[in-house]
Structures are given as C-alpha cells and as structure tokens.
Amino acid sequence: MVEHAALSATREAYDAAAPAYAELFSDTLRDRPLERAMLGAFAEVVRASGDGQDGQVADLGCGPGYVTAHLDELGLAAFGVDASPAMIELARQAYPGLRFEVGSMAALEIGDGELGGVLSRWSIIHTPPHELPAVLAEFHRVLAPGGHLLVGFSATEDPSHPTQVFDHAVAPAYRWSPDHLAGLLRKAGLVEVARMVCEPQPTDRRQFQEVQLLARKA
C-alpha cells in the first residue's frame, strides 16, 4: 500500500515533538471530568456487548499511551496503535505491561471483526477529508458486530462547512461538523448512539467546541 503524504508528514512531525508532547499532555484527563465520564460509558458499553476477540479495544492514535492506560484501568483489554515510532517507544517505556504497536489507521494489522471497541481520540483530525471515509471503513472492518467506536474531535463553527483547517501546533489538522461526521459514520455502517458537545473554556487557546461521538457497528 502506498503511504499518503499526509501520514508521512504527520509521523515525522510527531516523532520530532514526542518528548515535549508526552511531558505536556501526560495528565490531560485529570482536568477533563466530562471526557472521563464518556470514556467510562464507552468502557461500560464495550464490556456489555461482549463482542470481539476477548473484548479487545484499540486506542488508535494512542500517542504516549496515557489514555490506553486509562482504558486498561477501566477494565478493558486495551492496546495502542500510533503512526509515530517515537510515540510508541515512549508508551512502551511508560507502560511496559501494555501492548503498543506502530501502525496506520488506514491499514490496520487487525483481523476482521476482532475488536469490541475502537477509540479514536483526536486522531482523525490529521486525516485529509477525502481520506477519512476509508479510515472509517477500516474502523468498521475491525469491529465485531455490536462493537463500539468513540471518536473525539474539534467542531466547526458553522454547520454549513463540513470541515475547516486549523493551526494545530504539530501538523496540519481539520475540524468537523458533528452532523457531517455522523453522516460519514452512517455511510460506513456505524450508527450514532450518543454525542457529547463541550463548550470551550475562556482560558482555552482555541475557542472550539469539542465533540465526542459514540457509534455502534450494526
């Protein structure tokens, strides 16, 4: 498979930023109670569905692994995948008891229907819009019937604009209209179950809404 230029550029950027990124965001969930609640709900529905090989959950775009470790604490058989070898090395050092692999969301080395859950926490933001349907199709492929996907991203301000580029500190990135992304999920065979929309805090650098969409494979 020929690698897209966007993936190569994103990998190189995150390899270079990995140590600083890990230090800056290693405890990012501490001050995000609503996101922790959504992750808890995700863990509960994955456990309840009982689908996939041993209920495994993939944290795609796992970075230095702290959210993968949080999923493990919630009782999930979680493992992390990231395109950046430097990020994966940091994750393995920080959490030697967990599994981390270098890989691409667009071509996962995971069998059909193996997973009970997929987490994509701000990892689709670097995917160019024309490439996102293929990534969502890959999420659908690896999920077992009844398996769940939780995807987090920043929202556009105007629903008439399905995507907007923004000035991400590491690599080019995109915001998405929640309704548009939910429509792409439906086309990929993933039915929306719930969504959470959080308003930005006054002190946030970017005044973007943050969205969590929970979807289920039919």
Carefully, step by step, assess Glu210 and Trp122 under the rule side-chain contact (heavy atoms from CB on, under 4.5 Å). CA-CA 10 Å; Glu210 295 185 348; Trp122 273 266; 3.7 Å; yes
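- Residues Leu108 and Arg141 approach most closely at O-NH2, 3.1 Å, considering heavy atoms.
- The two residues Cys62 and Phe100 have their closest heavy-atom pair at SG-CD2, 3.9 Å.
- Within the 4.5 Å cutoff, the side chain of Val45 has no heavy atoms near those of the Val193 side chain.
- Val165 and Leu132 fall within the same hydrophobic cluster, where Ile, Leu, Val, Met, Phe, Trp and Tyr residues are linked whenever their side-chain heavy atoms come under 4.5 Å apart, directly or through other members.
- Using a 4.0 Å cut-off between charged nitrogen and carboxylate oxygen, Arg99 and Asp72 do not count as a salt-bridge pair.
- At least one donor-acceptor pair closer than 3.5 Å links the side chain of Lys217 to the backbone N or O of His140.
- Not a single donor-acceptor pair under 3.5 Å links the side chain of Asp82 to the backbone N or O of Ile88.
- A continuous path of hydrophobic side-chain contacts links Val197 to Leu181 [ILVMFWY only; heavy atoms under 4.5 Å].
- By the 4.5 Å heavy-atom criterion applied to side chains, Leu213 and Phe153 are counted as neighbours.
- Using a distance-only test at 3.5 Å, with no hydrogens or angles considered, a donor-acceptor pair links the side chain of His148 to the main chain of Gly146.
- Thr163 places no side-chain N or O within 3.5 Å of a backbone atom of Tyr174 that could act as its donor or acceptor partner.
- Counting heavy atoms from C-beta outward, Leu115 and Gln56 have side chains that approach closer than 4.5 Å.
- Residues Leu60 and Ser123 come closest through the heavy atom pair O-OG, 3.0 Å.
- Counting heavy atoms from C-beta on, the side chains of Lys187 and Pro133 never come closer than 4.5 Å.
- The minimum heavy-atom distance linking Ala182 with Glu192 is given by the pair CB-OE1, 3.4 Å.
- Hydrophobic clustering (side-chain heavy atoms under 4.5 Å, transitive across Ile, Leu, Val, Met, Phe, Trp, Tyr) groups Leu34 together with Leu39.
- For Gly152 against Gln212, the heavy-atom pair with the smallest separation is CA-OE1, 4.0 Å.
- A distance of 13.0 Å separates CE of Met38 from CZ of Arg32, quoted to the nearest 0.5 Å.
- For the 3.5 Å distance criterion, the side chains of Asp158 and Ser160 qualify, holding a donor opposite an acceptor.
- The number of heavy-atom neighbours closer than 6.0 Å to CD of Glu44, taken from other residues, nucleotides and ligands shown, is 12 or below.
- Within the 4.5 Å cutoff, the side chain of Arg175 has no heavy atoms near those of the His161 side chain.
- Panel note: side chain Arg36, backbone Leu29; a donor-acceptor pair is recorded below 3.5 Å.
- Judged purely by atom type and a 3.5 angstrom limit, Arg195 has no side-chain atom pairing as donor or acceptor with the backbone of Val211.
- Residues Val81 and Leu136 fall within the same hydrophobic cluster, defined by Ile, Leu, Val, Met, Phe, Trp and Tyr side chains chained together at heavy-atom separations under 4.5 Å.
- Of all heavy-atom pairs spanning Ala83 and Val102, the tightest one is O-CG1, 3.9 Å.
- Using cut-offs of 30° and 60° for the angle between ring planes, the Phe208 and Phe166 rings count as perpendicular.
- Cluster annotation: Val67 and Leu90 are assigned to distinct hydrophobic clusters (Ile/Leu/Val/Met/Phe/Trp/Tyr, side-chain heavy-atom contacts under 4.5 Å, transitive).
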